[in-house]
Structures are given as C-alpha cells and as structure tokens.
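Taking it in order: structure first as structure tokens, then the write-up.
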Amino acid sequence: MLDINLIVNNPTYVHDALLKKGFDVDFAPLISLYEQRKKLIAQGDELKTQKNKLSASVPVVKKEGGDVEAIFRQVKELNAEIQKFDAELAKVEEDIFAFMSPLPNMPDDDLLAGEKENNKVIKVFGEKPTFDFAPLDHVQLCEKLGLVDYERAAKVSGRGTWFYTDLGARLEWALLNYFIDTHINDGYKFILPPHILNEESGYTAGQFPKFKQDVFWLEGVEPKKFILPTAETALVNYHRNEILKEEDLPEKLFAYTPCYRCEAGSYRTEERGMIRGFQFNKVEMFQYATEKNSRQSFDELVDKACKLVENLGLHFRLSKLAAGDCSHSMARTYDIEVYIPSMGIYKEVSSASNANDYQARRGNIRYKDSQTGKIKYCHTLNASGLATSRVFPALLEQCQNADGSVTIPHVLRKYLGGMEKIYPKK
RNA sequence: GGAGAAGUACCCAAGUGGUCGAAGGGGCUCCCCUGCUAAGGGAGUAGGCUUGUAAAAGGGCGCGAGGGUUCAAAUCCCUCCUUCUCCGCCA
C-alpha cells in the first residue's frame, strides 16, 4: 500500500514513479476522496463530542433531579446524525481502499523505467560451459541417472509435477540442507511456517488482489484459505499488526517450504521438466528492517544469494531489474539467473527484493524508533536462497561429463555421504 | 464433528450498565536506607489513530474481531476468531 499522504501532497511524483512501472494513474479522484474523508471525520467527531458530553452529564443531572429525558432525546437525535456521517465515511474509505489496494509499489528512484529490455546485468559469475561431447538436457539426464520420475507423477498427480527418486531426492535434499546450513551460519533464524494461509496474509504480502487466480484455494473451507505460493507470504505476515522494537531490527529469518502455484496457462514446451511446476522447493530469506538500514539489508541478501550459487560453481548472472519488471509489491528487485545450457538461456533462481514500507503498510507492521519513540513502518525484504527447481537442472547440465555422469559440487558432498559423481543407471 | 470454559495493558489479574484509560500485584525507571551478588522504604511508569503546534493543547477510537441493544457497554445480546477441558474421529 502506498502512503496516501504522499500521494495527496505530491501526486505528480507518485504518478511519475508508477509510470516507470507502466501504470498511468490519475490521482484526482483519490485526492477528492481523501478530502471528503477528512471532512467527514471532523464533522462526525464534533457530533460525537457533543454526544459524549451529554451522556456523561446524565448521572449528575439525575442526582440533581434534572430533566434526564430531555438529554436522552437530544442524544438520540445526535445518534441519528452520527450514523449518517459514519455510513458515508465507511463508503468513502471503502472507495479509497478499492483505489489504493491494486496499485503497485513505487520503484526506487534509481531504477530505469520500462520492462525486461531495460534490465541491467551487473555481475556475471563464471562462464558458459563448453562441452567436447553432445551434452544432454536435464530431462534426459534425470532419466538416465534415475533422479526424477515425470511419468509416474503425471499418473499420480498430473502435469507440472514430478517425483524426486532415490539419488534425485537426496540431491534435492542436499541442496536444501546446504542452503539451510549457510543461513544458520549467517545468523538467520530458521522458520518452518504453516503452508495454509488466510486471505489477509495474501493481501499483506501484496500478492492479492493481483495473484488471487494463481494460488491454490482450499475448497469448501470458511474462512477462505490458500496454500502458500512462496514462504515470503508466511514470513511477511509473521509480524502482521505488531510493533517491533528498533533494537531488534533488522530481524533476519529464513524458511523452507514447497511453493504451490497454479500458473494457469503458463506452461510452454520450452519449459519442460522442472523449470516450471505447480510445486517446487524453495528456501526463502526474509528481513524486517528500518528505513535507515533496509538498503544495507538488501545488499546483504543479494550477496548471500550470489554466494550460494557461486559456491555451487554454477555460471550465473545478476541483473538489476527495470521498474516494470520488478515484482508488483517491490521497490527494487535483483534477479539471479543461472545458465541452462540446453536452452541457451538464463533462468531465475533467486529474486531479491526490497518492498520498502509497502507490505508493512498493508500489514500494519511497525517499529518504535528508539530515539524519538515514534512509531514507524518497517521495511520488508525477501530473497530466495534459493529455489531448487532451476538450480537442480542447471547443476545437472552444467556439471555433466562425457561419460554421462554428473559431478557433484564440493559443498554438497557432505550431504551425500561424500559422493563425488552420480553415474547413469545400468 | 459434539459439549463446556475463557480471551482486559509488558506479564498476572480485579472489574457485570454511567465521572473506567480501566483497582491490585509483578516488571521496568528513578530516589532513599543499607552495603555489596540479600532485604526494606518512597516516587514514577500504561494503547493506538487522527487534527494540530516550535513546543503545547484538544477531540474521536479503544478491554480478542465485527455487528447489535441502550441516552450510556469492558460489563447485556448475536456472529466469528483463538485458547483450554471433556467426548468423538484419526489414512
């Protein structure tokens, strides 16, 4: 949620910022609603003051034997009027909410306008692997090494899903453990959140209303619940409606969850295998920060995500996204994309973002400034660290050998009983 | 799924229609005494929103959430959420 005061006081600034994301918003109706709201509150409060004073005088008047009935009548009349103001106010606030809630976050000032074409690669690690043999793609490798079973998953579940089998499951688990241990070492608090969330949580994350169609809803459950599309949704709601202490910030968390997404109609043949599925595993980093230190938190998250891929020895690039390519709720997003040789393209394995106070406003997440004692909105940040569904194929493809085996990165070997290579099954 | 009970400020807890923003503890802060990892005495300390100022000052909201009754609700009624106890279910 944007700051309505900022919009009212500086509509041009906000307009131009949102334009960088491709939103051309006319704020005139909102400003007029805001003025109406202010007026209605002032008028309503004045009536309530009168009412409260009259009501409070009742016991005194009673004791003195005065005319209590006259007061009752007066208050009743006031109540009728107050009700009118309150109803009108409720309507205006509803309109304000309807106007505000679909608006995306404003991009940071230094971001370029526009979409993907204006993304800027700011770092490249390693280089494209070259093969002196005909390399296989990850679907073939999974098949030959017996790591993943798509066919049976289609039988048991449907398209867009898979079984990790045997060494495949162990490799997946090794990746997750490698991520988890790294974050624990870095002082992040490990969280295993619920996977079934209420609607309010989706709203706070800024994923609703935009992505309501893209998550799985539980049928027949009231109040409505959905299955989380990313651990971020749970983590950003962890402190919803709370006031934190400044000295506890930044608070650094991470969580492991599968991520469940409908991704309706987005399946393409290019995205075979596990590049895109209804369910994938992800370890998510998250920070609650202050305005002062959120930029530092952001850099830390980006750095941590990069290191995870670097230490796997995988070729990747880091891009600073243009405003229009940043997530809806985010003021700033950097993507880490790992190279998939069979596709000849880079695929996202981590997206690091700073929401500034956008999510905090939606979820009413604040902190008390230790100097002034004032209550301020937190800044919230998240970064995948990492999603395995693209790391796994990239690893197989980038680390494959002429004999059909795949070399296991050093950092994973301790989770696989010291195994150095996975060989094709006989 | 059924039957009960409960949700009050940082924590415990009193309060069943009217000067209740809410007794009393604990905690925390400061002072005194004592003097050294004890104890005692005194004082202070309670939300959030909004209007607004240099600072002030004021008003509205507030006792799980949302409705309702009433001139007046922490207190009565309804719905929901959460927690606890008992029963049932449990791949």
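First the proteins, then the strands, lettered A, B, ... as listed; each starts at 1.
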Check your understanding: Between Lys48(A) and rC61(B), does any side-chain N or O lie under 4.0 Å from OP1 or OP2?
Key -> no
Practice item. Calculate the interatomic distance between Ile82(A) atom CD1 and rG59(B) atom P; express it in whole Å. Key: 16 Å
Review point. Which heavy atom in Pro393(A) sits nearest to a heavy atom in His138(A), and how many Å separate them?
Key: CB-CG, 3.3 Å
Review point. Side chain of Ile375(A): nearest nucleotide among rC71(B), rG60(B), rG48(B)?
Key: rG48(B)
Practice item. Kindly indicate whether a cation-pi arrangement holds for Lys304(A) with Tyr188(A), taking the cut-offs as under 6.0 Å to the six-membered ring centre and within 45° of the axis. Key: yes
Practice item. Rounded off to whole Å, could you give me the OH-to-P distance for the Tyr367(A) and rG48(B) pair? Key: 15 Å
Check your understanding: Side-chain N or O of Lys76(A) less than 4.0 angstrom from OP1 or OP2 on rC71(B)?
Key -> yes
Revision key, fill the gap. Closest of rC49(B), rG60(B), rA72(B) to the Ser55(A) side chain is rA72(B)
Check your understanding: Going by a 90° cut-off around 0, is rG62(B) syn or anti?
Key -> syn
Point to revise | rC84(B) and rG25(B), which share atom name C1', separated by this distance in whole Å | key: 24 Å
Review point. Which base, if any, makes a Watson-Crick or G-U wobble pair with rG40(B), both distances under 3.5 Å?
Key: rC32(B)
Review point. Once you round it to whole Å, what is the distance between P of rC71(B) and CZ of Arg73(A)?
Key: 12 Å
Study note, to complete from the structure: Between CG of Asn5(A) and C1' of rU50(B) the distance, given in whole Å, is 11 Å
Check your understanding: Counting only side-chain N and O atoms of Arg37(A), is one of them less than 4.0 Å from OP1 or OP2 of rC49(B)?
Key -> no
**Study point:** Between P of rC49(B) and CG of Asp3(A), the distance in whole Å
**Key:** 13 Å
Revision key, fill the gap. pair_partner(rU85(B)), Watson-Crick or wobble, both distances < 3.5 Å, evaluates to rA3(B)
Review point. If you measure from the C1' atom in rA14(B) to the same atom in rA6(B), how many Å do you get, rounded?
Key: 16 Å
Check your understanding: Is Leu78(A) touching bases, backbone alone, or none of the nucleic acid, heavy atoms closer than 4.0 Å?
Key -> nothing
Point to revise | Shortest non-hydrogen separation from Val236(A) to Gln359(A) and the atoms involved | key: CG2-OE1, 3.5 Å
Check your understanding: Which of parallel (below 30°), tilted (30 to 60°) and perpendicular (above 60°) describes His328(A) and Tyr358(A)?
Key -> perpendicular
Practice item. Looking only at side-chain atoms of Lys51(A), point me to the closest of rG18(B), rU51(B), rA72(B). Key: rA72(B)
Review point. Asn241(A) has an atom CG; how far is it from atom P of rG66(B), in whole Å?
Key: 11 Å
Review point. Counting heavy atoms not belonging to Glu291(A), are there more than 12 under 6.0 Å from its CD?
Key: no
Review point. In whole angstrom, what separates Tyr377(A)'s OH from rG48(B)'s P?
Key: 13 Å
Point to revise | Distance between C1' atoms of rC89(B) and rU79(B) (Å, rounded) | key: 27 Å
Practice item. Just name whichever nucleotide pairs with rA14(B), Watson-Crick or G-U, keeping both distances under 3.5 Å, else none. Key: none
Exercise for review: Scan Lys368(A) against the nucleic acid and name what it touches under 4.0 Å (heavy atoms): base, sugar-phosphate only, or nothing.
Suggested key: sugar-phosphate
Exercise for review: For this output row, return yes or no: ring centroids of Trp173(A) and Phe392(A) closer than 6.0 angstrom.
Suggested key: no
Revision key, fill the gap. In Watson-Crick or G-U wobble terms, with both distances under 3.5 Å, the base opposite rC63(B) is none
**Study point:** Pairwise P distance for rC10(B) and rG47(B), with rounding to whole Å
**Key:** 8 Å
Exercise for review: Between rG1(B) and rU75(B), how far apart are the P atoms? Round to whole Å, please.
Suggested key: 28 Å
Check your understanding: In terms of side-chain heavy atoms of Asp45(A), which of rG59(B), rC49(B), rC71(B) is nearest?
Key -> rG59(B)
Practice item. Please state how far atom CD1 in Ile96(A) lies from atom C1' in rU50(B), giving the value in whole angstrom units. Key: 14 Å
Check your understanding: Which is true for Thr49(A) with a 4.0 Å heavy-atom rule: it touches a base, it touches only sugar-phosphate, or it touches nothing?
Key -> sugar-phosphate
Review point. Say you pick atom C1' in rA46(B) and the same atom in rG21(B); how far apart are they, in whole Å?
Key: 9 Å
Point to revise | Asn198(A) vs rC81(B): side-chain N/O to OP1/OP2 distance below 4.0 Å | key: no
Review point. Which residue lies toward the 5' end of RNA chain B, Ile243(A) or Lys225(A), if each is placed at its nearest nucleotide?
Key: Ile243(A)
**Study point:** Presence of salt bridge, Arg170(A) and Asp166(A), under 4.0 angstrom
**Key:** no
Practice item. In whole angstrom, give me the gap between the C1' atoms of rU19(B) and rA23(B). Key: 16 Å
Review point. Under 6.0 Å from the NZ atom of Lys144(A), do we count more than 12 heavy atoms belonging to anything else shown?
Key: no
Exercise for review: Determine the Euclidean distance between corresponding P atoms of rG48(B) and rG88(B); express it in Å to zero decimal places.
Suggested key: 47 Å
Exercise for review: Answer yes or no: does a side-chain N or O of Asn52(A) lie under 4.0 Å from OP1 or OP2 of rG59(B)?
Suggested key: no
